[in-house]
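Report on the structure given below.
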Amino acid sequence: MEYNFPEIEQRWKQYWNEKQVYKVSNESSKPKYYVLDMFPYPSGAGLHVGHPLGYIASDIYARYKRLKGYNVLHPMGFDAFGLPAEQYALETGQHPADTTRKNIERYKDQLNKIGFCYDWDRAVTTSDPGYYKWTQWIFLQLFHSWYDCAAQRARPITELIALLEKEGNINNPCPDVDGLVVTDEQWTSYSEEEQRKLLMHYRLAYQGNAAVWWCEALGTVLANDEVVNGVSERGGHPVERKQMRQWFLRITEYADRLLTGLDTLDWTDAMKEMQRNWVGKSTGAEVRFDVSPTLSVHVFTTRPDTIFGVDFLVLAPEHALVDTITTAQQKTVIDEYRTYVKSRSERERMADVKQITGCFTGAYAIHPLSNNLIPVWIAEYVLAGYGTGAIMAVPAGDDRDHAFAQHFNIPITNIFGDLYNGDNAYSDKSGTIMNSGFLTGMRIAEATEAALNALVAIGAGKRRTNFRLRDAGFSRQRYWGEPFPIVYMNDVPYGVDEERYTTGTKGANGVNDLPVELPHVDSYKPGPEGQGPLANLPEWVNTPAGNRETNTMPGYAGSSWYFLRYMDPHNGATFADRKATDYWQQVDLYVGGTEHAVGHLLYSRMWTKVLFDLGHIGFDEPFKKLLNQGMIQGSSRFLYRSNYSVPSIKPDSDGVTNWYISKNIRELILKGDKDAISYVDAQYGNGGTLSELILSKDAPIRIPIEYVDGVLLKIDELKKWNPNFSDSVYICEPDGTFICQSEVEKMSKSKYNVVNPDDIVAQYGADTFRMYEMFLGPIDVSKPWDTKGIEGVHRFLKKFWRLFAGDQGWIVTDDAPNEAELRTLHKTLKKISEDMERFSFNTSVSQFMICVNELAALGCHKRAVLQPLVVAITPFAPHIAEELWSGMGNTGTVLDAAFPEYEDRFIAESTITYGVSINGKKRVEMAFAADAEQADIEPGVLADATVQKWMENKPMKKFIFVKGKMINIVV
RNA sequence: GCGGGUGUGGUGAAAUUGGUAGACACGCCAGACUUAGGAUCUGGUGCUGCGAGGCUUGGGGGUUCGAGUCCCUCCACCCGCACCA
């Protein structure tokens with residue numbers, strides 16, 4: 001009875017389907033456990049073997065938890081809005097809705113082949129109107145809310161309006177415009193338009209301006225991805241930064257809570273660190289430098305102690321003051337410089353430290369403490385979006401400022417005495433401040449306080465906490481995304497759920513209703529003036545009340561709350577019933593890549609906090625534990641090719657003969673190996689020195705991985721694939737094989753190294769595939785795919801099968817197990833249980849292999865040993881487990897079994913083999929009773945001949961005995 | 001540039017708390033069985049040396065009786081950096 005995996009896997013998939021074994025209920029007496037994967041964007045390329053890595057890990061853990069007695073929610077869905085589908089539509093004219101639907105079908109099909117335990121009834125697709133209705137609804141919650149800094153939570157905007165009517169904004173200063181004071185009288189005297197303009201400064205979803213990549217030639221806005229080397233990826237047209245009115249989410253109000261909330265999460269320190277750095281909290285001062293009696297520059301600094309070392313100010317080139325302060329004399333060069341900066345991305349501006357650029361405005365500011373005149377420059381290394389968009393430059397204490405001062409010959413004030421050597425800035429935060437008026441002689445911490453106090457006292461500065469975090473841009477000038485539930489009246493945006501602007505009864509013309517459905521378009525061309533394609537649909541844009549917003553939401557909108565929808569996916573009355581969210585609570589285990597560290601994971605945390613603040617859910621962190629999976633890289637194959645015309649060889653279609661040379665023989669020739677050279681010349685050279693000719697001018701070219709078996713080229717198949725390969729000469733190894741060069745890189749279509757899981761599953765089965773992906777290595781590190789290695793895991797499953805089945809059928813007996821068999825079983829159960837808790841799936845697979853090797857050697861076919869193993873292997877290899885479970889006469893699914901507990905009493909060994917070291921070097925092994933103490937063994941060890949030899953008659957200094965581990969003798 | 005991660009045999013890796021480095025596999029070598037083998041099974045396999053032995057966890061330094069593991073420093077590669085998702 002062979003291990004017939006295609007038949008077994010098909011049978012059990014069908015069984016699971018028919019019996020609905022993966023259906024999850026929100027009602028259960030069992031404790032709940034929520035396992036979630038970061039859902040995929042369904043791209044046209046389909047899944048490759050790298051994608052399911054995390055899905056397999058989470059599936060194993062979900063099944064394990066189920067066997068451990070939990071009610072497990074383990075859903076899957078699709079993050080279906082996005083740029084690639086729209087790009088594809090632009091190129092092929094196929095509607096994104098159609099391609100997305102097709103891609104989702106393909107993904108589902110691929111995922112099902114691997115045997116995941118998803119409850120597909122709960123699947124969500126972010127581009128479904130039934131889903132994005134609630135994305136829009138949550139957006140409106142954000143739009144209708146503000147952040148109460150005193151209470152540290154979001155509140156409905158109506159409550160702010162009530163406060164404004166009563167007391168103005170005196171207790172609730174405007175978060176994004178300093179010094180904007182409104183009294184209750186002013187507020188009530190405002191027109192509705194003016195009132196809403198003020199409210200816009202408070203809303204959690206608000207409108208502001210932001211720079212986008214504008215491509216004049218394409219008439220559209222481009223994503224960072226679409227700009228390559230300063231020109232558009234499509235067509236290579238010039239691009240520039242352009243200010244546009246955009247929606248934003250006021251995530252900066254949540255900066256502190258996003259930091260403190262990290263302490264409650266079981267994430268890796270690296271992940272938390274990345275989020276902390278992204279939020280980038282720093283404390284310091286905002287200092288005012290007056291340029292004229294009416295104009296002043298505000299800078300943010302974390303080092304007020306260095307205030308006397310300020311030799312110049314630098315404004316971001318986009319800074320609003322640049323136009324007003326630039327002198328007539330400098331205007332031309334300033335304009336030229338600003339044009340240059342417009343062509344530069346933020347990345348380039350930050351990364352280019354070797355190339356120092358900047359421009360003097362001609363203006364001077366007055367130092368608030370020394371009253372010296374300080375020149376004001378602009379430079380690209382200062383970014384408009386960070387701090388106040390202006391810095392005070394202290395060359396003696398900051399590397400970039402120092403380089404800038406040297407480059408432009410600006411005199412440097414030394415405020416660190418001997419600590420500053422004149423060549424490099426002294427940026428340490430220890431030492432004494434010198435040459436700094438009243439700060440001279442103070443330590444840095446002391447000077448920081450003193451400087452701050454002095455600045456505050458004269459009204460030239462204030463304490464300030466600054467965040468690197470910026471408000472999140474939430475508009476895209478695109479088609480394939482959620483439409484905004486926003487209508488403009490007189491250019492003032494209203495939520496479609498507001499009754500204020502409706503012309504008739506609520507719901508008239510469908511204006512009030514959610515979802516605002518994404519209308520069908522036939523063209524994906526941008527609208528006039530760079531708006532999204534929706535602007536081309538006047539019948540959609542124009543409503544009786546006003547014009548609809550024509551931008552759409554970004555990719556992270558739908559993914560910021562999807563984990564909630566799985567809890568109650570079909571609810572038409574609310575995004576998820578409170579009873580459902582109260583039952584499932586946070587995601588207990590969230591599996592995904594580190595590339596989402598600061599995007600998705602930060603936005604969904606914010607959305608969760610907003611929903612919590614507004615009372616819609618009962619928890620304010622979405623993901624309790626985070627498990628990061630590494631990437632599976634591709635393994636590319638190369639041939640070394642040289643093109644030479646050699647008269648005796650027929651040229652190929654290009655008129656050039658291609659010579660390919662196998663890797664090993666090529667390396668020998670490169671090393672000058674005479675045998676190899678004469679072999680090649682004799683076999684292929686027609687009497688000439690062909691080897692030298694070829695190697696003097698060859699280059700590697702990529703070939704598709706499917707024409708290679710491991711590293712061995714399948715020459716005949718390659719020749720059939722592409723005629724360019726047929727009329728060529730293949731210089732093989734003496735044994736007739738042809739070995740390719742290999743290299744590890746990203747798995748991608750363009751590198752010809754993509755491996756499709758469908759093929760692997762067809763060849764080896766889903767159980768083998770699942771176990772092999774885990775066997776490759778720790779879940780969180782990246783590693784290359786190697787199809788060859790899968791054989792070992794497949795062999796293991798066959799060997800496992802043979803413990804249960806012989807040539808004639810099932811061979812499991814009811815004999816009583818012996819000591820050795822029980823030890824193997826319980827040792828394995830223990831290891832698996834421990835590995836599972838620390839997500840060490842690769843070592844679990846190894847342990848199963850060790851176990852099967854041992855049981856096979858013992859000739860064990862006993863139910864008492866094998867049945868617990870079947871349950872234990874179920875999370876890894878669910879199909880074979882079901883087959884063996886039923887083959888042993890059990891009814892129902894193995895998924896309803898209980899995970900077997902191990903017992904230590906079966907594991908204990910009576911003797912332990914100790915490594916004996918002399919001076920830390922292991923010289924011999926000796927066995928002692930497991931309970932032996934140092935006194936029991938020391939004489940025996942010292943008497944040992946080998947030990948004697950290595951001690952070389954030197955006196956013993958110390959005898960180190962670590963029970964159960966090792967022995968070390970120091971001489 | 002900033003932030004994060006990873007470096008152990010020919011390859012993927014193991015070593016969980018500072019205690020016998022290389023488990024388990026792939027590949028390779030030798031052999032058994034077979035009409036056959038890309039099936040199955042057995043043995044060997046870090047490097048070096050005839051051997052005793054020596055060397056070995058990216059490089060260098062340190063702490064320790066003992067370091068892959070802790071500390072310092074340097075190097076290489078990978079990921080993210082705000083409109084890819």
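Note that these values count all heavy atoms, side chains included, but never hydrogens, waters or copies made by symmetry. Here is the naming used below: chain letters follow the sequence lines, and residue numbers restart at 1 for every chain. Owing to the predicted nature of the structure, the values given are computational and were not obtained by experimental measurement.
- Between A:Tyr772 and A:Trp785, the gap from one ring centroid to the other is short of 6.0 Å.
- B:A85 and B:G37: their C1' atoms are spaced 47 Å apart (whole Å).
- The aromatic rings of A:His794 and A:Phe5 sit perpendicular to each other, their planes meeting at more than 60°, with 30° as the lower class boundary.
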Is there any protein nitrogen or oxygen under 3.5 Å from a nitrogen or oxygen in nucleotides 1-6 of chain B, and what are the pairs?
residue : atom : partner  : partner atom : Å
B:G3    : O3'  : A:Asn277 : ND2          : 3.0
B:G3    : O2'  : A:Asn277 : ND2          : 2.9

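- When each of A:Gln763 and A:Asp79 is assigned the nucleotide of RNA chain B with its nearest heavy atom, A:Gln763 is the one assigned upstream, toward the 5' end.
- Listed nucleotides B:C81, B:U20, B:C79 differ in distance to A:Met631; the shortest reach to its side chain belongs to B:C79.
- With hydrogens and angles left out, the side chain of A:Lys921 and the base of B:U20 share no donor-acceptor pair within 3.5 Å.
- In the interface, the side chain of A:Gln246 is paired with the base of B:C83 through a donor and an acceptor atom under 3.5 Å apart.
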Show which side-chain atoms of residues 957-966 of chain A pair as donor or acceptor with protein atoms under 3.5 Å away, not counting sequence neighbours.
residue  : atom : partner  : partner atom : Å
A:Lys963 : NZ   : A:Glu933 : OE2          : 3.0

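- The nucleotide whose nearest atom lies closest to any side-chain atom of A:Thr913 is, among B:A82, B:U16, B:U20, B:U20.
- Taking the six-membered ring wherever Trp is involved, the centroid distance between the rings of A:Phe800 and A:Phe848 does not fall below 6.0 Å.
- Considering only side-chain atoms of A:Lys798, the nucleotide from B:U40, B:C84, B:G12 that sits closest is B:U40.
- Nearest nucleotide to the A:Lys949 side chain, out of B:A85, B:A23, B:G53: B:G53.
- A salt bridge is defined here as a Lys NZ or Arg NE, NH1 or NH2 lying under 4.0 Å from an Asp or Glu carboxylate O, and A:Arg478 with A:Glu226 meets this definition.
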Between the protein and nucleotides 41-47 of chain B, are there any N/O to N/O pairs under 3.5 Å, and if so, what are the atom names and distances?
residue : atom : partner  : partner atom : Å
B:C41   : OP1  : A:Arg802 : NH2          : 2.8

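- The six-membered or imidazole ring of A:Trp561 lies near that of A:Tyr131, with a centre-to-centre distance under 6.0 Å.
- Contact check on A:Lys827 versus A:Glu854 returns a salt bridge, with a Lys/Arg side-chain nitrogen under 4.0 Å from an Asp/Glu carboxylate oxygen.
- Counting only Watson-Crick and G-U wobble pairs whose two distances sit under 3.5 Å, RNA chain B takes part in these stems of three or more pairs: B:1-7 with B:75-81, B:10-12 with B:24-26, B:27-32 with B:40-45, B:46-48 with B:53-55, B:58-62 with B:70-74.
- Counting heavy atoms of neighbouring residues, nucleotides and ligands inside a 6.0 Å radius, atom CG of A:Asn209 exceeds 12 of them.
- With hydrogens and angles disregarded, no donor-acceptor distance shorter than 3.5 Å links the side chain of A:Lys281 to the backbone of A:Val279.
- In summary, the aromatic rings of A:Phe796 and A:Phe775 are positioned with their centroids too far apart to meet the 6.0 Å limit.
- Between A:Arg838 and the phosphate of B:U17, there is no side-chain N or O to OP1/OP2 separation shorter than 4.0 Å.
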Between the protein and nucleotides 74-77 of chain B, list every N/O to N/O distance that falls short of 3.5 Å.
none

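- The gap from the C1' atom of B:C84 to that of B:C74 amounts to 35 Å, rounded to the nearest Å.
- The side chain of A:Asn853 places an N or O atom within less than 4.0 Å of a non-bridging phosphate oxygen (OP1 or OP2) of B:A25.
- A residue-by-residue look at A:Ser782 and A:Val793 shows that A:Ser782 has its nearest nucleotide of RNA chain B further toward the 5' end.
- Checking the phosphate oxygens (OP1, OP2) of B:A82, no side-chain nitrogen or oxygen of A:Arg470 falls inside 4.0 Å.
- Listed nucleotides B:C79, B:U16, B:A23 differ in distance to A:Glu595; the shortest reach to its side chain belongs to B:C79.
- Distance from the side chain of A:Pro84 is smallest for B:A85 among the nucleotides B:C24, B:A85, B:A82.
- For B:C83, the base has a donor-acceptor partner in the side chain of A:Gln477 [N/O atoms by modelled type, under 3.5 angstrom].
- Candidate nucleotides B:C81, B:A13, B:C83 were compared by shortest atom distance to the side chain of A:Asn842, and B:A13 ranks first.
- Put simply, OH on A:Tyr562 is 11 Å from C1' on B:A85, counting in whole angstrom units.
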Are any protein N/O atoms closer than 3.5 Å to N/O atoms in nucleotides 65-71 of chain B? If there are, list each pair with its distance.
residue : atom : partner  : partner atom : Å
B:C65   : O2'  : A:Asn968 : ND2          : 3.4
B:C65   : O2   : A:Asn968 : ND2          : 2.7

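- Classified by interplanar angle (parallel below 30°, tilted 30° to 60°, perpendicular above 60°), the ring pair A:Phe474/A:Trp607 is tilted.
- Using cut-offs of 30° and 60° for the angle between ring planes, the A:Phe484 and A:Trp247 rings count as parallel.
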